[in-house]
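Note that these values count all heavy atoms, side chains included, but never hydrogens, waters or copies made by symmetry.
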Amino acid sequence: MKNILVFALILVLFSSCKKEKKETVINEAPISKESKILSMGDFIDNKAGHEISGKAFIVSDTSGKILLRLEDFSSTAGPDVNVYLSKTPGFVDVKDLGDLKATKGNMTYENVGTIDINEYKYVLIWCKEFSVLFGHAELKK
């Protein structure tokens, strides 16, 4: 009986966040070539059924505004998926940047300016409804 419960729990974990929304694509205008890249990293999926890829950049635009830019981004669709900055690759001490704008494409998040980007070195893609990490990118200078 215990084995059945463990199997059922594992099945639920691997199928979590599968109440999927449709795939969406967004290609926001590129950031100015005069913008300065402060850090960048590649997305790594969590190996639990949610594929994710692409690059994350923290940039300072020409006006000095700090932005998070996702490029060539691709993720499995899911409900209530958000983008976070975190001090670790896990969901600990996070700063919510808002809803994931699309499952594919290039997108920019502007509400980064008040976050210490020297401490928050990870970008997380997280399903709030099921508390599931889709993947992360470690930002390096």
Side-chain angles (χ1 to χ4, degrees), residues 2-141:
K2 185 177 179 182
N3 289 341
I4 293 172
L5 289 175
V6 170
F7 178 75
L9 178 61
I10 290 170
L11 185 61
V12 168
L13 288 174
F14 280 111
S15 62
S16 294
C17 219
K18 291 290 187 183
K19 186 169 51 169
E20 294 184 2
K21 293 182 178 179
K22 287 187 170 184
E23 178 182 286
T24 53
V25 178
I26 189 170
N27 281 304
E28 294 180 352
I31 294 172
S32 166
K33 292 183 187 229
E34 290 81 35
S35 295
K36 180 180 177 186
I37 296 174
L38 304 175
S39 58
M40 60 189 271
D42 294 317
F43 276 100
I44 302 168
D45 62 38
N46 69 352
K47 307 291 186 221
H50 300 287
E51 296 177 8
I52 190 169
S53 62
K55 294 191 176 295
F57 299 89
I58 297 289
V59 299
S60 175
D61 72 5
T62 55
S63 69
K65 188 183 287 186
I66 304 298
L67 309 168
L68 171 66
R69 177 71 175 185
L70 306 184
E71 292 275 341
D72 300 320
F73 181 80
S74 179
S75 173
T76 305
D80 204 15
V81 179
N82 279 37
V83 178
Y84 294 88
L85 288 179
S86 176
K87 292 181 178 180
T88 71
F91 196 78
V92 178
D93 196 8
V94 298
K95 302 292 184 180
D96 190 351
L97 300 182
D99 294 341
L100 181 64
K101 295 179 181 181
T103 57
K104 290 187 186 287
N106 304 316
M107 57 204 88
T108 303
Y109 292 84
E110 296 185 6
N111 48 344
V112 178
T114 60
I115 300 169
D116 184 349
I117 58 172
N118 293 313
E119 285 189 49
Y120 290 84
K121 296 181 179 187
Y122 294 87
V123 179
L124 308 181
I125 307 301
W126 180 265
C127 176
K128 289 171 57 174
E129 185 172 333
F130 293 100
S131 298
V132 173
L133 178 65
F134 280 31
H136 73 276
E138 181 179 3
L139 300 169
K140 298 178 182 178
K141 295 182 180 193

Run the side-chain donor-acceptor check on residues 64-72: report pairs under 3.5 Å with partners two or more places apart or on a different chain.
| from | atom 1 | to | atom 2 | distance (Å) |
| --- | --- | --- | --- | --- |
| Arg69 | NE | Glu71 | OE2 | 2.6 |
| Arg69 | NH1 | Ala29 | O | 3.1 |
| Arg69 | NH1 | Thr108 | OG1 | 2.7 |
| Arg69 | NH2 | Glu28 | O | 3.3 |
| Arg69 | NH2 | Glu71 | OE2 | 3.2 |

Item to check | Atom pair CZ (Phe73) and OG (Ser53), whose distance is rounded to the nearest 0.5 Å | outcome: 7.5 Å

Next on the checklist: I'd like to know whether NZ of Lys95 has more than 12 heavy-atom contacts from other residues, nucleotides or ligands below 6.0 angstrom.
Outcome noted: no

Item to check | Straight-line distance of Tyr122 OH to Ile44 CD1, nearest 0.5 Å | outcome: 9.0 Å

Next on the checklist: Do Val132 and Asn46 have side chains that approach each other closer than 4.5 Å (heavy atoms only, starting at C-beta)?
Outcome noted: yes

Checklist outcome for this item: Looking only at heavy atoms, the pair that brings Tyr109 and Val83 closest together is OH-CG2, 3.5 Å

Item to check | Closest heavy-atom pair and its distance - Lys104, Ser74 | outcome: NZ-OG, 3.1 Å

Next on the checklist: For the NZ atom of Lys121 and the CG atom of Asp116, what is their distance to the nearest 0.5 Å?
Outcome noted: 9.0 Å

Item to check | Nearest heavy-atom neighbours spanning Ile125 and Ser75 | outcome: CG2-OG, 4.4 Å

Checklist outcome for this item: Residues at least two apart in sequence or cross-chain that pass ring pair (Phe, Tyr, Trp, His ring centres under 6.0 Å) with Tyr120, listed by chain then number, are none

Next on the checklist: Do Lys128 and Phe91 form a cation-pi contact, if we require the NZ or CZ to be under 6.0 Å from the six-membered ring centre and within 45 degrees of the ring's axis?
Outcome noted: no

Next on the checklist: Test of understanding: with salt bridge (charged side-chain N to carboxylate O under 4.0 Å, His left out), list the residues that count as partners of Asp42, not counting sequence neighbours.
Outcome noted: Lys55

Checklist entry - Would you say the side-chain atoms of Ser86 pair up with the backbone N or O of Val92, donor to acceptor, closer than 3.5 Å? => result yes

Checklist entry - Which heavy atom in Gly105 sits nearest to a heavy atom in Asn27, and how many Å separate them? => result CA-OD1, 3.7 Å

Next on the checklist: Once you measure the plane-to-plane angle for His50 and Phe134, does it fall in the parallel (<30°), tilted (30-60°) or perpendicular (>60°) bin?
Outcome noted: parallel

Item to check | Minimal non-hydrogen separation, Thr62 against Ser32, with atom names | outcome: CG2-OG, 3.7 Å

Next on the checklist: Quick test of your reading of the model: are Asp45 and Lys47 salt-bridged, counting only N-O distances below 4.0 Å?
Outcome noted: yes

Checklist entry - Which heavy atom in Ala56 sits nearest to a heavy atom in Val123, and how many Å separate them? => result CB-CG2, 4.0 Å

Checklist entry - Could you walk me through whether Lys141 and Asn118 pass the side chain to side chain contact (heavy atoms under 4.5 Å, CB included) check? => result CA-CA 10 Å; Lys141 295 182 180 193; Asn118 293 313; 2.8 Å; yes

Checklist outcome for this item: Separation between CD1 (Ile52) and OG1 (Thr76), nearest 0.5 Å, reads 8.0 Å

Checklist entry - Does Asp61 use its side chain to pair, donor to acceptor, with the backbone of Ser35 at less than 3.5 Å? => result no

Next on the checklist: Nearest 0.5 Å, please: how far is CG in Asp96 from OH in Tyr84?
Outcome noted: 4.0 Å

Item to check | From OG (Ser39) to NZ (Lys140), nearest 0.5 Å | outcome: 11.5 Å

